[in-house]
Amino acid sequence: MEEIAQIKQRPGESPRLPGRVLPRAIFDASPELVAPRLLGKLLVHRTATGLLAGRIVEVEAYLGPHNRPPDPAAHAHRGPTPRNQVLFGPPGHAYVYAIYGRYFCMNISCESEGRAGCVLLRALEPVAGMQRMAANRGLSTNAPARQLTSGPSRLCQALGLTRMSHNGICVTSAKSMLQVRDDGFAVPEVRVTPRIGIKHAVDWPLRFAVPGHPCVSGPKQMRPI
DNA sequence: ATGCGGATGATCT
DNA sequence: GATCATCCGCATC
């Protein structure tokens with residue numbers, strides 16, 4: 001197993017967050033370049049009642065309509081709509097959308113303002129607030145980490161991320177309740193595969209994961225070994 | 001371990 | 001009216 005960062009929080013004391021927020025410039029680039037660089041970084045949700053955080057172990061890139069050829073699986077591929085407007089805004093902002101009537105997925109916008117593109121967060125390794133994550137997911141407190149945050153909607157449920165509260169939030173601001181942070185951890189390896197759960201461009205190699213990590217999502221055959 | 005079907009509602013054409 | 005970047009439970013191997 002891998003080393004797990006300690007994030008301690010004493011009662012009545014604001015937690016000292018590990019590392020530093022990822023600079024916005026990181027996201028001012030093509031999603032296929034940004035995506036692998038997010039592996040190993042921390043997604044941190046600061047709530048009134050405590051910290052929820054996980055290390056990113058699986059992501060997917062979705063390309064903007066300026067890309068040639070266009071990415072038919074991307075929400076932005078036909079241009080701006082009310083739902084996807086965040087993707088055409090500045091980089092480094094959360095794009096949270098509802099899916100299948102009951103779930104949410106979280107992305108981070110990429111590219112300069114005016115251009116779309118994003119990285120979908122597909123799986124985290126839980127790092128802080130596991131007890132609350134289990135409660136948010138309706139699982140018992142001793143549920144394995146994999147059941148908490150392995151899957152794009154599972155991780156949103158575990159961290160309490162919703163469209164109403166989090167869509168459009170900047171993840172590179174020191175004041176933000178939702179941040180991507182770099183604590184210096186480097187993933188040992190990155191594996192590239194096709195994206196999961198889409199019906200178009202099924203062969204494009206735009207999924208990036210830490211091979212062998214137990215929290216990576218997907219059927220076992222699809223999971224990197 | 002793998003493969004289905006159903007829940008459930010916003011979004012877009 | 002159709003689609004959907006999902007999850008869970010249950011059936012079957």
Side-chain angles (χ1 to χ4, degrees), chain A residues 27 30-32 34-36 38-39 43 54 56-65 67 69-89 93-111 116-124 126 133-140 143-168 171 180 191-209 212 214-225:
Chain A
F27 298 98
S30 165
E32 53 197 314
V34 177
L38 295 185
L39 295 179
L43 180 66
I56 299 169
V57 297
E58 180 189 355
V59 294
E60 285 175 358
Y62 287 86
L63 311 181
N67 195 72
D71 177 0
H75 283 187
H77 95 280
R78 291 185 197 276
T81 68
R83 174 175 66 163
N84 68 21
Q85 60 175 339
V86 170
L87 298 180
F88 292 86
H93 288 244
Y95 169 53
V96 183
Y97 67 90
I99 189 168
Y100 297 110
R102 24 185 352 151
Y103 302 114
F104 297 99
C105 293
M106 171 175 170
N107 305 251
I108 303 175
S109 63
C110 299
E111 307 276 16
C118 62
V119 175
L120 170 70
L121 305 185
R122 282 201 61 92
L124 310 176
M133 290 186 192
N136 288 347
R137 294 263 301 117
L139 301 169
S140 67
R146 170 178 170 67
Q147 289 182 30
L148 298 179
T149 51
S150 172
S153 294
R154 286 173 173 177
L155 74 86
C156 284
Q157 193 173 36
L159 269 64
L161 306 179
T162 65
R163 169 173 161 83
M164 187 167 62
S165 299
H166 303 281
N167 188 47
V171 301
V180 177
R191 184 149 316 168
V192 188
T193 79
R195 295 173 291 187
I196 288 183
I198 55 170
K199 299 198 161 131
H200 303 290
V202 292
D203 295 334
W204 294 24
L206 292 177
R207 172 175 176 253
F208 305 84
C215 293
V216 169
S217 77
K220 192 169 186 183
Q221 187 180 5
M222 183 74 193
R223 272 186 298 207
I225 301 299

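Owing to the predicted nature of the structure, the values given are computational and were not obtained by experimental measurement. Chain A is the first sequence line, chain B the second, and so forth, proteins listed ahead of strands; every chain is numbered from 1.
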Measure CE/Met164(A) against P/dA10(B) and give the value in whole Å, please. 12 Å
Over how many whole Å does the gap from Arg207(A) atom CZ to dA5(C) atom C1' extend? 12 Å
Decide, applying a 5.5 Å centre-distance limit and a 30° plane-angle limit (both strict), whether Tyr62(A) stacks on dA5(C). yes
Which one, dC7(C), dT11(B), dT2(B), comes nearest to the side chain of Arg83(A)? dT11(B)
From the list Arg207(A), Arg223(A), Arg191(A), side chain to side chain donor-acceptor pair (under 3.5 Å) with Glu58(A) holds only for Arg207(A)
Closest-nucleotide 5' rank along DNA chain C - winner of Gly101(A) and Leu155(A): Gly101(A)
Nearest-angstrom distance from the residue atom CZ of Arg137(A) to C1' of dC7(C): 8 Å
Considering all heavy atoms of both residues, which atom of Met106(A) and which atom of Leu120(A) are nearest to each other, and what is their separation? O-CD1, 3.5 Å
Of the options dT6(C), dC4(C), dT11(B), whose atoms approach the side-chain atoms of Lys199(A) most closely? dC4(C)
If I take atom CE in residue Met106(A) and atom P in nucleotide dT6(C), what distance separates them, rounded to the nearest angstrom? 16 Å
Under 4.0 Å: is that the gap between some side-chain N or O of His200(A) and OP1 or OP2 of dA5(C)? no
So which heavy atom on Pro69(A) is nearest to which on Trp204(A), and how close? O-CH2, 3.7 Å
Whole-Å distance, Gln147(A) CD to dT6(C) C1', equals 16 Å
Given side chains that start at C-beta, do those of Tyr97(A) and Asn107(A) come closer than 4.5 Å, heavy atoms only? yes
Closest contact, heavy atoms only, Leu124(A) versus Thr149(A): O-OG1, 2.6 Å
Spell out yes or no: do the side chain of Tyr97(A) and the base of dA10(B) have one donor N/O and one acceptor N/O closer than 3.5 Å? no
Take atom NE2 of His77(A) and atom P of dC12(B), then tell me their distance rounded to the nearest Å. 13 Å
So does Arg122(A) get a side-chain nitrogen or oxygen closer than 4.0 Å to the phosphate oxygens (OP1/OP2) of dT6(C)? yes
What is the distance, to the nearest angstrom, from the CG atom on Leu63(A) to the P atom on dA5(C)? 15 Å
On DNA chain C, check which nucleotide each of Ala73(A) and Arg154(A) is closest to and give me the residue with the more 5' one. Ala73(A)
Hey, does Pro219(A) reach any base, or is it just sugar-phosphate, or nothing, if we go heavy atoms under 4.0 Å? nothing
Nearest-angstrom distance from the residue atom OH of Tyr100(A) to C1' of dA5(C): 7 Å
Given that both pair distances must be under 3.5 Å and the pair must be Watson-Crick or G-U, what runs of three or more consecutive pairs involve DNA chain B? B:1-7 with C:6-12, B:9-12 with C:1-4
Is it true that a side-chain atom of Asp71(A) and a backbone atom of Gly64(A) form a donor plus acceptor pair closer than 3.5 Å? no
Of the candidate nucleotides dT2(B), dT6(C), dA5(C), which contains the atom at the shortest distance from the side chain of Cys118(A)? dA5(C)
Under a 3.5 Å distance rule, please check whether Glu60(A) uses its side chain to pair with a backbone N or O of Arg122(A) as donor and acceptor. no
Are dT6(C) and Tyr103(A) stacked, with the base six-membered ring and the side-chain ring centres under 5.5 Å apart and planes under 30°? no
Go through the steps for Tyr95(A) and Asn84(A) under the test side chain to side chain contact (heavy atoms under 4.5 Å, CB included), then give the verdict. CA-CA 8 Å; Tyr95(A) 169 53; Asn84(A) 68 21; 4.1 Å; yes
Nearest of dA5(C), dT13(B), dT11(B) to any side-chain atom of Arg163(A)? dT11(B)
Per atom distances to the Arg102(A) side chain, the nearest of dA7(B), dT2(B), dC12(B) is dA7(B)
